[in-house]
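Beneath this line is the structure, given in structure tokens, with notes to follow.
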Amino acid sequence: MLEEKQIETEEKVNDDEEVKFEKIDEETEREQERGKKDYSGKDIQVLKGLEPVRERPGMYIGTTSSRGLHHLIREIVDNAVDEALAGYCHNIFVSLEKDGSVTVSDDGRGIPVDVVSDTGLSGVETVYTVLHAGGKFEGSEGYKVSGGLHGVGASVVNALSTQVNVKVFKNGQIYEIQFLNGGHTQEPGLHVVGNCDPSKTGTTVNFTPDPSIFKETVTFNYLEVKEYLRQTAYLNKGLSLTLTDNREEEIKQENFCYQGGISEYVAYLNIGRTPVFDNILYFDGKSESVFVEAAFQPTKASSSIVRSFCNNIMTAGGGTHEEGFRLAIVRELNRYFKFKGWRKENEDNFTADDIYEGLTCTISVKHPDPQYEGQVKDKLGNAEVRKITSSIVGNQLRDFLEQNPKLGRLYYERVLTACKGRLAAERARNQVIGKSGVGGNLPDKLADCVSKNPEERELFIVEGNSAGGSAKNGRDAFTQAILPLRGKILNIEKAADTRIEKNAEIENMINAIGAGFGSQFDITKAKYHKVIIMTDADVDGSHIRILLLTFFYRFMKPLIENGYVYIAQPPLYKLTYQGHDYYCFKEEELPILKSKLPQNARFSLQRYKGLGEMDPSQLAETTMDKDKRLMWKVTIQDAEEAELALTDLMGDNVQPRKEFITANAKFVKNLDI
Ligand code: TSJ
């Protein structure tokens with residue numbers, strides 16, 4: 001699946017400030033260009049249109065990394081999907097070619113070839129040379145629910161390609177047009193190159209991404225394209241998408257076509273989870289030009305999976321469609337459970353958390369005028385969608401439950417289990433927190449820092465008492481706090497939610513961070529904006545890191561999501577030469593350092609086996625000093641890997657376990673090479 005959450009953040013920052021200078025530069029550069037080359041009138045027009053895209057590709061596709069490269073395929077495929085949404089296209093083919101280009105073709109009506117009055121160009125040329133041209137010549141039927149992250153489309157792909165070739169099969173004729181070097185139309189423009197069977201219609205596009213734009217890579221990743229096509233197939237039931245890889249000797253081809261649409265998507269997401277019952281509930285409907293589909297199935301898993309989309313674009317930030325769905329199922333299930341007498345009138349309603357535990361759902365809406373919100377514009381904002389989704393899902397769920405009381409009962413039992421777990425956890429938490437409100441008492445072992453500003457406060461979680469002592473003596477006591485952990489912390493894989501805070505080490509961390517844990521965790525109360533795990537660069541250290549990461553992932557997830565969790569990287573070697581100390585953080589740095597010394601230089605080398613071997617000043621200088629240290633910010637992916645690694649660590653056989661940690665966990669690899 002193409003995940004877009006991070007795309008926009010990087011390059012959009014400070015756009016406003018730069019614009020003025022950009023404009024001037026752009027203008028002078030264009031003057032120079034004109035002087036240099038003899039462009040035809042048409043070329044200049046095209047250049048003017050697409051030049052901004054080449055100058056600031058990030059503005060149009062978010063990033064020029066590998067992710068942005070794959071976005072090109074998406075932009076083109078989305079056009080063909082639009083044709084499928086309009087009901088005219090049933091098959092889409094995507095081929096990764098040997099020469100580095102991509103071919104996308106469909107069996108739709110073919111892009112219009114007639115002249116568009118607005119632009120004076122053929123439909124095909126308009127689509128490819130005018131920014132935001134999409135939808136301008138839309139037919140009368142239906143609305144355009146064009147996808148595309150930024151809704152920009154084919155012209156942007158053209159601007160960022162060295163070559164684009166478009167063939168349209170229509171009216172028994174084959175039309176062709178070629179663009180070179182970022183959108184320069186080649187003479188004779190759109191022209192007829194032959195005849196075809198009048199029943200054959202469609203569009204075929206071949207393009208080659210420009211390596212001077214996509215500096216990181218112009219190689220498409222089969223798996224990434226595949227996941228996007230798979231997702232698109234789930235979201236458009238019955239639409240067939242075929243991916244072919246022509247780049248290797250052995251040609252690879254896969255087809256995705258799901259008659260079950262988003263219900264089949266739920267089944268796919270639930271591979272490896274145990275459903276409460278076999279049925280996947282599916283509801284759909286249309287109101288005020290908004291089409292809503294939702295499919296869901298409860299499982300015995302502890303986490304929920306929610307995938308939502310608007311116009312086939314994933315809305316990772318959720319939004320009004322997710323809210324409407326949630327309102328509907330929480331309301332209707334509670335109403336039904338009480339109506340049945342399973343839940344007594346005087347008992348509390350189940351919370352959304354109870355009802356969502358283990359739930360897998362996909363929600364897809366089609367909206368003629370979607371509004372996206374949030375920093376990365378991945379949250380659906382249209383307010384009316386909340387009510388529309390809620391009433392469509394609510395009414396149909398009500399009918400479904402009335403007709404399927406057995407499934408209703410199973411659902412009730414699942415929700416009751418979740419509720420009991422939640423209440424038990426709350427009781428346990430109250431016992432711990434009890435007397436002194438959130439966070440309980442500060443742990444005795446914590447050497448806190450002086451500053452009261454969470455933004456500059458750092459909490460070092462340090463393995464072992466001796467290292468803890470060094471860290472305490474070497475720290476900057478104004479901003480750096482030390483919490484030593486003794487021995488192995490509780491293995492949370494085994495511990496139920498209710499037992500978790502009974503463990504002294506875990507309790508200490510919860511109290512030191514001061515923001516609660518689990519569903520009650522409140523990131524705004526976190527007393528440190530950097531929580532730094534400082535463990536030895538050996539296998540035991542790796543194990544403790546895995547446990548800590550898994551703990552944060554399960555019980556303080558926002559801490560990771562907000563980028564507050566770090567792993568300190570202590571050096572592996574200290575080389576002393578002529579009274580100066582040089583530290584190596586990675587194995588491969590050592591030979592490089594040695595090669596820089598004069599021949600026959602006399603130096604001494606110390607290999608650090610653990611944090612405990614460093615004296616306070618060394619530790620402070622190498623691992624804690626804000627200017628010199630090497631730290632690694634933990635991502636959700638890291639934590640997920642840690643969780644997986646932990647699951648595999650649970651066997652009783654120690655040796656394979658150790659091998660596993662060393663081989664599989666990325667954060668271990670980075671440290672232990
Ligand atoms: F735009 C594009 F180049 F990215 C592209 C467009 C790429 C691919 C692979 C397919 C398409 C495309 C466009 N397929 N089908 C269409 N259909 C139209 O553009 C079209 C056809 C007829 C009418 C009409 O009202 O008669 C309207 C449209 C938008």
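It should be emphasised that the depicted structure is a prediction, and the values quoted were computed from it without experimental measurement. Just follow the structure's listing: the first ligand is 1, and inside any ligand the first atom is 1.
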Lys387 atom NZ, neighbour heavy-atom count above 12 within 6.0 Å =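 Result for NZ/Lys387: open.
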Under 4.0 Å between a side-chain nitrogen and a carboxylate oxygen: does that hold for [X] and [Y]?
X      : Y      : answer
Arg230 : Glu227 : yes
Glu83  : Arg109 : yes
Asp210 : Arg54  : yes

Within-shell test, [X] vs ligand 1, heavy atom, strictly < 4.0 Å:
X      : result
Gly110 : yes
Ala154 : yes
Val127 : yes

Classify the angle between the aromatic ring planes of Phe325 and Tyr356 as parallel (below 30°), tilted (30 to 60°) or perpendicular (above 60°).
-> perpendicular
Would you tell me which option among Arg109, Glu83, Lys167 has the nearest heavy-atom contact to atom 26 (O) of ligand 1?
->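 Heavy atom nearest to atom 26 (O) of ligand 1 belongs to Arg109.
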With backbone taken as N, CA, C and O and side chain as the heavy atoms from C-beta onward, which portion of Val104 lies under 4.0 Å from ligand 1: side chain, backbone, both, or neither?
->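 For Val104, backbone and side-chain atoms both sit under 4.0 Å from ligand 1.
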State the OG1-NE2 distance between Thr320 and His367, to the nearest 0.5 angstrom.
->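 So the OG1 of Thr320 and the NE2 of His367 are separated by 7.5 Å.
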Please confirm whether Tyr128 comes within less than 3.5 Å of ligand 1 when only nitrogen or oxygen atoms on both sides are compared.
-> no
Using a strict 4.0 Å cut-off to heavy atoms of Val205, name the atoms of ligand 1 that fall inside it.
->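 So the atoms of ligand 1 that pass are 3 (F), 7 (C).
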